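These figures come from a predicted structure and were not determined experimentally.
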Amino acid sequence: VCGMWSLRAIARRGLPVTFLGATSFWCTCSTEERADLRARHDSVVERLRKLSSALAPLAQSRIVCCEASSEPGRRELPTFTKADVAKHAGGDMGVWVILGGAVYDVTQFIQNHPGGEEKIMLAAGRSVEPYWGLYRQHVQPGSAGAALVPKSHVAEILEPLQVGWLDPREAAAAIKERLADDPYAREPERHVALRLLAETPCSGESPVELMLDNYLTPNELFFVRNHHPVPHLEADEYSLAVSGQGIGSREYSLEELKTKFPKSHVTSSIQCGGNRRSGLNSVRPTSGNAWGAGAISNAKWSGVLLRDLLLDAGVTNPGETGIEHVQFEGDDGVKASIPVDKAMSERGDVLIAYEMNGDPIPADHGQPVRVVVPGHVGVRNIKWLRKVITASEEAEGMWQRGIAYKVFGPSVTSVDGLNLDEYPPMQEMPVQSAILSPLSGASVEADEPLTVKGFAYSGGGRSIARVDVSADDGATWHTATLTEGASQPRDRAWAWTFWEAEVPLPAAEMPRATIVCKAVDAAHNSQPESPAGVWNLRGLANNSWDRVAVSVRTGE
C-alpha cells in the first residue's frame with residue numbers, strides 16, 4: 001500500500017519550475033478508508049497552500065495546483081471546483097456534469113441520452129451521482145456506495161467527454177455524503193436463481209434452465225425489471241387515484257378494489273421490450289441490459305378490470321369527451337399509457353391486479369397494485385400503480401415519448417436531427433420464440449433424434465399457429481408440437497405457448513449443429529431470419545430466429 005501522489009508543478013513567477021513531493025498511497029483499501037486518507041492528504045495540501053501564501057512575498061512563489069491522483073495513469077487535465085462546474089448549466093456555457101472525481105462536458109451528448117434530455121438536464125452543472133444512485137442501469141452490478149463505476153459502454157461514451165477533474169477536497173466530501181444515503185438499502189430479497197444483469201435497479205432474468213418447469217412462472221422466478229428503488233407501500237394505506245378528461249376525480253382504497261368490483265382473472269405473459277437484446281449486440285452494440293431469452297415470464301393475475309374501474313369513475317363514451325389514451329403513473333415515477341380502445345374493450349382484459357398466482361403481488365412486481373396490459377410490452381404494465389388518468393394525449397416522459405422504447409431502423413445510429421414524435425412507442429409485441437432445451441453449448445448424441453423445447457409468444461393476443469424447428473441452421477425444417485397454451489383463443493392468447501419437436505441431426509453437421517426455431521402467429525406473422533434486419537439503436541423487439549449451437553457426440 002504505497003506509491004506516490006501525483007503533484008502538479010508549483011510555478012514560481014518568473015523563476016524556474018520547482019516541485020513539491022509527498023509520499024502517500026495507492027491501495028485496495030475500502031472506499032471509506034480511502035476517503036479518510038484522502039481527507040488527511042487534503043489537509044496537508046491546504047497547509048502547503050497557506051505556507052505558500054505566507055512565503056509568496058519572499059519567494060515570489062505560489063502553488064498553482066496540488067492534485068491527488070486516485071489511480072495510476074491519471075490524465076493531466078485542469079482541476080475545477082463545484083462552483084466552476086455550476087456555471088455550465090446550459091445556454092452558451094454548455095452543460096457540464098460531475099461523476100466521481102471527473103468533470104464531463106455533455107453538451108453534444110444530451111439529445112442522444114436514452115433517458116431523454118429533460119432527465120440529464122436535472123444534473124446540469126452538478127453531479128450526476130444522486131441520479132445514477134437511482135438510475136443504476138448506468139453502472140456496473142455491485143457498484144454502489146462510494147464507487148459508482150460506469151458500465152463499459154457508458155465509460156466509452158464518457159471518456160472523450162472528460163474536460164477535467166473535480167477539486168479533490170470536494171470529491172472526498174461527496175463520497176462521504178453518498179455513503180450516508182443509499183436509496184437501495186431496502187431492496188427485497190431475490191431468488192439466487194435469477195440471472196442478475198444489474199443489482200440496482202434490479203434487472204434479473206428468469207433462469208432459462210427452469211422456465212419450462214412451470215407454465216405459470218413461480219413468483220420468485222418471475223423476471224424483474226425495475227427502473228428505480230422498489231417502493232414500500234402499505235396495503236392498508238394504499239389508494240388509487242382515477243381522474244382526467246371527461247370525468248371527475250375518484251380515490252379507491254385496496255379494500256374497495258377488492259369488494260366493490262367483481263374479481264377477474266387473466267393469465268398473461270409479460271415480456272421486456274429488450275428481451276433477447278444480446279442477439280442484436282452480436283450485430284453491433286446497442287444500449288441497455290444484454291438480456292438473453294429470460295426477460296419474459298407468465299402468471300395468473302387477479303384483480304379489477306380497468307374497464308369496470310373507468311366505467312365506475314364516469315367514463316361512458318370516450319369518443320364524445322375526446323379521450324384517446326389512458327395514462328398510468330407508478331409510485332416510482334414511471335409513466336406510460338395505452339390507447340383508450342385497448343383500455344375500454346370488453347376483450348382487452350386490461351387488469352388492475354392485486355394478486356399474482358393467487359398470492360398478494362410481491363414487492364418487486366408492484367405490491368400492492370399494478371396494471372397488467374395483456375399483449376403489450378412490459379413497460380406499459382406499470383407497477384406500484386398510483387394514478388390512472390384519461391387523456392387526449394399519451395403520457396409524458398422518457399418511457400412513452402423518449403427514445404427508451406422507440407424502435408428505429410437499422411441505419412439509425414444516432415437520434416441527431418430526428419423528430420422523435422414521428423416514431424410511435426412500442427405497444428404490442430412481435431411474434432417471438434426461443435429454444436430453452438438444449439441450451440447453447442450442450443453436448444448431444446448423434447445417433448438419436450434430438451428433442452428440442454421452447455416457448456413462443458405473440459403480442460396483441462395473437463395465438464401461435466406453428467413453430468418450425470431446424471437442426472441444420474434452416475436448411476430443412478420440422479413442425480413442432482404445441483403443448484401448454486396451445487388452446488388459447490385465437491385473438492385473446494395473452495400467455496406464451498410451450499412447444500417441443502423431435503429433430504434428426506444431419507450427418508453433414510458433425511461434430512457441431514446449429515438448432516434454429518421460428519414461430520408463426522395467427523395473423524401469419526413470422527420471425528425474420530437475421531438479427532441484422534431488425535437491429536435498432538435501443539436494442540428492442542429482437543424477434544429474429546433463435547439459434548443454439550450444440551456439440552454432437554458420436555458412438556465411436
Short side-chain donor-acceptor distance under 3.5 Å, T514 and R547: no
Test your reading of the model: is there a side-chain donor-acceptor pair from S470 to the backbone of T476, 3.5 Å cut-off? yes
State, with a plain yes or no, whether a side-chain heavy atom of P150 is found less than 4.5 Å away from one of H138. no
Backbone N/O of I435 and side chain of D546: donor-acceptor pair under 3.5 Å: yes
Any donor and acceptor pair, going by atom type alone, linking the side chain of S463 with main-chain N or O of A522 inside 3.5 Å? no
Does atom CZ of R186 have more than 12 heavy-atom neighbours, drawn from other residues, nucleotides or ligands, at distances under 6.0 Å? no
N298 versus T217, side-chain donor and acceptor atoms under 3.5 Å: no
Applying side chain to side chain contact (heavy atoms under 4.5 Å, CB included), run through L240 and L309 and close with a yes or a no. CA-CA 11 Å; L240 174 63; L309 185 71; 3.9 Å; yes
Is any side-chain heavy atom of Y184 less than 4.5 Å from a side-chain heavy atom of N226? no
So, do S206 and I296 sit near enough that their side-chain heavy atoms are less than 4.5 Å apart? no
S345 versus R307, side-chain donor and acceptor atoms under 3.5 Å: no
Can you tell me if CD on E220 sees more than 12 non-hydrogen neighbours from other groups inside 6.0 Å? yes
Could you tell me whether the side chain of H325 and the main chain of Q327 form a donor-acceptor pair under 3.5 Å? no
Under 3.5 Å, side chain of Q527 to main-chain N/O of A519, donor-acceptor pair present? yes
Tell me whether K453 at atom NZ has more than 12 heavy atoms from other residues, nucleotides or ligands lying less than 6.0 Å away. no
Checking the side chain of R370 only, and the main-chain atoms of A353 only, is there a donor and an acceptor separated by less than 3.5 Å? no
Any side-chain heavy atom of K383 sitting closer than 4.5 Å to one from P231? no
Please tell me if the side chains of F109 and Y104 come closer than 4.5 Å, counting only heavy atoms from C-beta onward. no
Would a 4.5 Å heavy-atom cut-off, applied to side chains only, mark L196 and E205 as touching? no
Minimum side-chain heavy-atom gap V452-W499 below 4.5 Å: yes
Would you mind checking if E209 and R195 are paired as a salt bridge, meaning a charged N to carboxylate O distance below 4.0 Å? no
Whether E484 side chain and W496 backbone form a donor-acceptor pair below 3.5 Å: no
When you measure from the side chain of E394 to the backbone N and O of R401, does any donor-acceptor pair fall under 3.5 Å? no
Before we go on, tell me: are the rings of W399 and H228 under 6.0 Å apart, centre to centre? yes
Between S440 (side chain only) and V548 (backbone N and O only), is there a donor and an acceptor less than 3.5 Å apart? no
For I515 and V503, what are the C-alpha separation, side-chain angles and deciding distance, and is it a side chain to side chain contact (heavy atoms under 4.5 Å, CB included)? CA-CA 9 Å; I515 316 301; V503 182; 5.9 Å; no
Step-by-step side chain to side chain contact (heavy atoms under 4.5 Å, CB included) determination, E500 to S437: CA-CA 9 Å; E500 60 181 74; S437 177; over 6 Å; no
What distance do S282 atom OG and W535 atom CH2 have between them, rounded to the nearest 0.5 Å? 11.5 Å
Are any of the side-chain heavy atoms of F408 and L418 separated by less than 4.5 Å? yes
Can you check whether S264's main-chain N or O pairs, donor with acceptor, with W301's side chain at less than 3.5 Å? no
Is there a side chain to side chain contact (heavy atoms under 4.5 Å, CB included) between V388 and F328 once you walk through the steps? CA-CA 5 Å; V388 175; F328 309 114; 4.1 Å; yes
